[in-house]
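Every chain is numbered from 1, with letters handed out A, B, ... down the list of sequences. Any value given below was found using the heavy atoms of this structure, including those in side chains, with hydrogens, waters and symmetry copies removed.
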2 protein chains.
Amino acid sequence: MSEKISEKFSRGELLNVNCPSREVLKRVTSRWSVLIFLALRHNTLRFSELRRAVGGVSERMLAQTLRHMEEDGFVERIAYDVVPPHVEYRLTPLGQELQGQVVGLADWLELNVNRILAPRDKA
Amino acid sequence: MSEKISEKFSRGELLNVNCPSREVLKRVTSRWSVLIFLALRHNTLRFSELRRAVGGVSERMLAQTLRHMEEDGFVERIAYDVVPPHVEYRLTPLGQELQGQVVGLADWLELNVNRILAPRDKA
DNA sequence: CGGCATCCCTGGTGATACTG
DNA sequence: CAGTATCACCAGGGATGCCG
């Protein structure tokens with residue numbers, strides 16, 4: 001019985017409360033991770049470069065989000081043992097795959113934002 | 001000068017703090033809207049049906065998220081003037097377009113969740 | 001049935017200061 | 001440079017009760 005549970009949630013179960021994908025979805029769609037995916041789309045970036053690239057992010061949230069993305073296997077952290085410290089972040093192959101989906105969503109939004117916001121301005 | 005501002009943010013500016021797409025992104029990637037997009041993927045659903053379809057959502061958040069999605073033009077609310085009340089929700093054409101992007105992300109997550117979660121279980 | 005109003009509390013987030 | 005630690009705030013979200 002119990003060994004069947006994992007199979008039960010193999011697909012199409014995001015709508016189920018207990019679907020393990022829910023947790024991942026929550027982190028992937030979190031406020032800053034989407035923007036970090038965009039920033040790392042083509043580049044490997046250092047912490048401070050990321051901070052400048054992602055407008056409005058605080059050090060705290062950038063570090064926290066990067067740690068989560070690293071835990072999820074989307075981001076690789078490369079630390080050079082020098083002074084002053086030098087750390088680079090880049091997307092893993094898994095992260096690159098997901099980035100494709102995230103960018104698809106983001107691009108659609110940027111292209112169509114006027115269709116969304118314009119009607120509201122008239123009201 | 002000022003009339004140029006809207007053009008400045010026409011594309012590739014999600015990383016900018018002041019990009020108007022930021023607000024839309026926030027609502028689209030909010031906890032429940034993603035799941036509502038999935039639930040309304042193929043069907044028109046009533047409020048109570050949506051409540052059952054989207055596991056774990058409270059009445060309050062379902063109503064609130066639906067209102068936001070309606071304001072953004074993604075969801076159409078159809079109220080029949082009968083007793084007891086009968087209200088249906090369905091995606092607008094705009095919502096259908098966005099749904100394609102959201103579903104792409106969700107499907108990828110469900111298909112690859114094991115590649116994400118499995119490594120952590122070993123640790 | 002399909003909500004809205006209210007209370008309440010957790011946790012996500014920002015600001016600041018500090019460290020290796 | 002690349003973070004961590006601490007504090008404080010308030011929006012997100014759950015629970016409950018009421019209404020057309």
Side-chain angles (χ1 to χ4, degrees), chain A residues 14-19 22-37 39-40 43-72 75-90, chain B residues 14-19 22-37 39-40 43-72 75-90:
Chain A
L14 253 178
L15 292 176
N16 188 305
V17 211
N18 300 320
C19 180
R22 282 274 184 102
E23 278 307 301
V24 183
L25 179 69
K26 199 170 176 179
R27 287 194 295 272
V28 168
T29 60
S30 73
R31 180 168 184 190
W32 301 112
S33 67
V34 175
L35 301 178
I36 293 176
F37 271 112
L40 293 178
N43 321 100
T44 293
L45 291 180
R46 302 182 58 168
F47 187 87
S48 51
E49 291 172 332
L50 262 172
R51 181 125 156 72
R52 280 187 294 273
V54 180
V57 69
S58 66
E59 285 184 8
R60 175 170 144 60
M61 293 315 299
L62 180 57
Q64 185 178 112
T65 308
L66 282 171
R67 234 182 301 117
H68 286 150
M69 294 175 76
E70 194 189 355
E71 286 171 16
D72 288 336
V75 160
E76 184 180 5
R77 181 182 185 277
I78 307 146
Y80 300 93
D81 195 7
V82 293
V83 284
H86 184 125
V87 182
E88 293 184 346
Y89 294 90
R90 72 169 137 183
Chain B
L14 252 177
L15 291 177
N16 188 304
V17 211
N18 299 320
C19 180
R22 281 274 184 102
E23 277 308 300
V24 182
L25 178 69
K26 199 170 177 179
R27 287 194 294 270
V28 168
T29 60
S30 73
R31 180 167 184 190
W32 300 113
S33 66
V34 174
L35 301 178
I36 293 175
F37 271 112
L40 293 179
N43 322 98
T44 293
L45 292 179
R46 303 180 57 167
F47 187 87
S48 51
E49 290 172 333
L50 263 172
R51 181 127 156 72
R52 279 188 295 272
V54 180
V57 70
S58 65
E59 283 183 8
R60 181 186 192 283
M61 292 316 299
L62 180 58
Q64 186 178 111
T65 308
L66 282 171
R67 232 182 304 118
H68 287 149
M69 294 175 75
E70 195 189 354
E71 286 170 16
D72 287 336
V75 160
E76 184 181 6
R77 182 180 184 277
I78 307 146
Y80 300 92
D81 194 9
V82 295
V83 281
H86 183 124
V87 181
E88 294 184 346
Y89 293 91
R90 72 170 135 181

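What separates CE of M61(B) from P of dC7(C) is a distance of 19 Å, to the nearest Å. Rounding to whole angstrom units, CD of residue E23(A) and P of dG11(C) are separated by 12 Å. In this structure, L62(A) atom CG and dA15(C) atom P are separated by 14 Å, rounded to whole Å. Following rounding to the nearest Å, L50(A) (CG) and dG3(D) (P) show an atom-to-atom distance of 10 Å. Computed from coordinates, the L45(B) CG to dC1(C) C1' distance equals 15 Å when rounded to whole Å. Taking atom CD on E70(A) and atom P on dG3(D), their separation rounds to 9 Å, with Å as the unit. When the P atom of dC1(C) is taken as reference, atom NE2 of H86(B) falls 12 Å away, rounded to whole Å. Atoms CZ (R51(B)) and C1' (dC4(C)) sit 14 Å apart, rounded to a whole Å.
Of all non-hydrogen atoms in L62(A) and V57(A), the two that sit nearest each other are N-CG2, 3.7 Å. The minimum heavy-atom distance between L50(A) and A39(A), with the atom names listed, is CD2-CB, 3.9 Å. Closest non-hydrogen pair, R22(B) versus L15(B), comes out as NH2-O, 3.2 Å.
Of the side-chain N and O atoms in S48(B), one or more sit less than 4.0 angstrom from OP1 or OP2 of dG2(C). At the phosphate of dC1(D), neither OP1 nor OP2 sits under 4.0 Å from any side-chain N or O atom of Y89(A). Contact annotation: R77(B) reaches the phosphate of dG3(C) (side-chain N/O to OP1 or OP2, under 4.0 Å). Look at R31(A) and you'll find a side-chain N or O under 4.0 angstrom from OP1 or OP2 of dG14(C).
Residue P84(B) is in sugar-phosphate contact alone, with no base atom involved, counting any heavy-atom pair closer than 4.0 Å across all strands shown.
Candidate nucleotides dC1(D), dG2(C), dG14(D) were compared by shortest atom distance to the side chain of P85(B), and dG2(C) ranks first. When each of dG14(D), dA2(D), dG2(C) is scored by its nearest atom to the side-chain atoms of W32(B), the top-ranked nucleotide is dG14(D).
Remark: the backbone N or O of R90(A) is not paired with any side-chain donor or acceptor of T44(A) at under 3.5 angstrom.
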Grab the N/O contacts between the protein and nucleotides 4-6 of chain D below 3.5 Å, and write none if there aren't any.
residue : atom : partner : partner atom : Å
dT4(D)  : OP2  : R67(A)  : NH2          : 3.4

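Between L35(B) and T65(B) there is no side-chain heavy-atom pair separated by less than 4.5 Å.
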| Given M69(A) and D72(A), is the side-chain contact (heavy atoms from CB on, under 4.5 Å) satisfied, shown in steps? | CA-CA 5 Å; M69(A) 294 175 76; D72(A) 288 336; 5.7 Å; no
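Using cut-offs of 30° and 60° for the angle between ring planes, the Y80(B) and H86(B) rings count as perpendicular.
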